[in-house]
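Inspection log for the structure reproduced underneath, given as structure tokens.
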Amino acid sequence: VQLQASGGGLVQAGGSLRLSCAASGRTFSSYHMGWFRQAPGKERDFVAAISWSGGSIYYRDSVEGRFTISRDNAKNTVYLQMNNLGPEDTAVYYCAAESGSIGTIAAEYTYWGQGTLVTVSS
């Protein structure tokens, strides 16, 4: 599966952005999807994950209540709605897909998009 992330940009603290990740192929609905982020000089960190059916969702603690992951299997797209953004959310955001078990570690995901930059100004 090929993934294309979009929706990043520059936003002021307290603002919102919605990231999208469009997947190619006819088997999108069989993949668990995840969002990760990587700030300059730091490791790639888990942000959120959603199971193939949408029935299981996970968030990192620091985004719980601010970010919402969702998916539309008919459109082969997963979303990350980000509200009340802060400078600490500045990073390149990546979407990832995995057909095995849903996970919160980057190494557990097989397919990756190219990333979209989110910059939050204070």
Side-chain angles (χ1 to χ4, degrees):
V1 61
Q2 293 184 321
L3 305 174
Q4 180 76 34
S6 62
L10 174 64
V11 64
Q12 290 187 332
S16 299
L17 282 175
R18 188 176 82 154
L19 306 184
S20 299
C21 176
S24 64
R26 296 174 293 174
T27 59
F28 173 75
S29 60
S30 65
Y31 287 90
H32 306 306
M33 300 297 297
W35 285 98
F36 291 78
R37 66 187 182 188
Q38 188 166 19
K42 296 189 177 181
E43 295 184 349
R44 191 169 297 188
D45 290 332
F46 169 74
V47 176
I50 186 168
S51 63
W52 65 271
S53 67
S56 296
I57 290 176
Y58 304 93
Y59 297 100
R60 71 179 293 114
D61 289 346
S62 62
V63 308
E64 182 89 49
R66 300 188 298 124
F67 291 12
T68 302
I69 188 171
S70 62
R71 66 188 297 159
D72 186 338
N73 287 342
K75 295 183 178 179
N76 283 9
T77 302
V78 62
Y79 305 97
L80 185 68
Q81 176 67 44
M82 306 186 295
N83 299 328
N84 193 22
L85 285 160
E88 67 277 11
D89 296 314
T90 294
V92 177
Y93 283 71
Y94 298 89
C95 58
E98 174 56 40
S99 60
S101 300
I102 188 171
T104 61
I105 300 173
E108 296 176 298
Y109 287 79
T110 302
Y111 302 99
W112 290 85
Q114 85 291 357
T116 185
L117 177 62
V118 172
T119 303
V120 184
S121 63
S122 58

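Residue numbers run from 1 in the order of the sequence given. Predicted model only: the values in this text are computed from it and were never measured.
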Value for CH2 (W52) from OG (S29), rounded to nearest 0.5 Å, stands at 7.5 Å
What pair of heavy atoms forms the shortest contact from [X] to [Y], and how long is it?
| X | Y | result |
| --- | --- | --- |
| R60 | D45 | NH1-CB, 3.4 Å |
| Q38 | K42 | NE2-O, 3.0 Å |
| F28 | R71 | O-NH2, 3.0 Å |
| G34 | Y109 | N-CE2, 3.7 Å |
| N83 | S16 | OD1-OG, 2.9 Å |

Do [X] and [Y] have side chains that get closer than 4.5 Å, going by heavy atoms?
| X | Y | answer |
| --- | --- | --- |
| M82 | D89 | no |
| S101 | H32 | no |
| Y31 | N73 | no |
| R37 | V63 | yes |

For residues 111-122, the side chain to side chain donor-acceptor pair (under 3.5 Å) pairs (sequence neighbours left out) are none
Would [X] and [Y] show up in the same hydrophobic cluster when neighbours are defined by side-chain heavy atoms closer than 4.5 Å?
| X | Y | result |
| --- | --- | --- |
| I69 | Y79 | no |
| I50 | L19 | yes |
| I57 | W35 | yes |

So with a 6.0 Å cut-off around CD of E88, is the heavy-atom count from everything else above 12? yes
Does Q12 have more than 12 heavy atoms from other residues, nucleotides or ligands lying within 6.0 Å of its CD?
no
Test side chain to side chain contact (heavy atoms under 4.5 Å, CB included), reference S20, set D72, L80, T77, output is T77
Exactly one of I102, V1, V78 clears side chain to side chain contact (heavy atoms under 4.5 Å, CB included) with M33, and that residue is V78
Short side-chain to backbone donor-acceptor contact, Q81 and R18, under 3.5 Å:
no
| task | Measure from NZ or CZ of R66 to the centre of the six-membered ring of Y59 and say whether it is under 6.0 Å with the direction within 45° of the ring axis. | result | no
### Message
Run F36 and F46 through side chain to side chain contact (heavy atoms under 4.5 Å, CB included) and show every step you take.
### Response
CA-CA 4 Å; F36 291 78; F46 169 74; 3.7 Å; yes
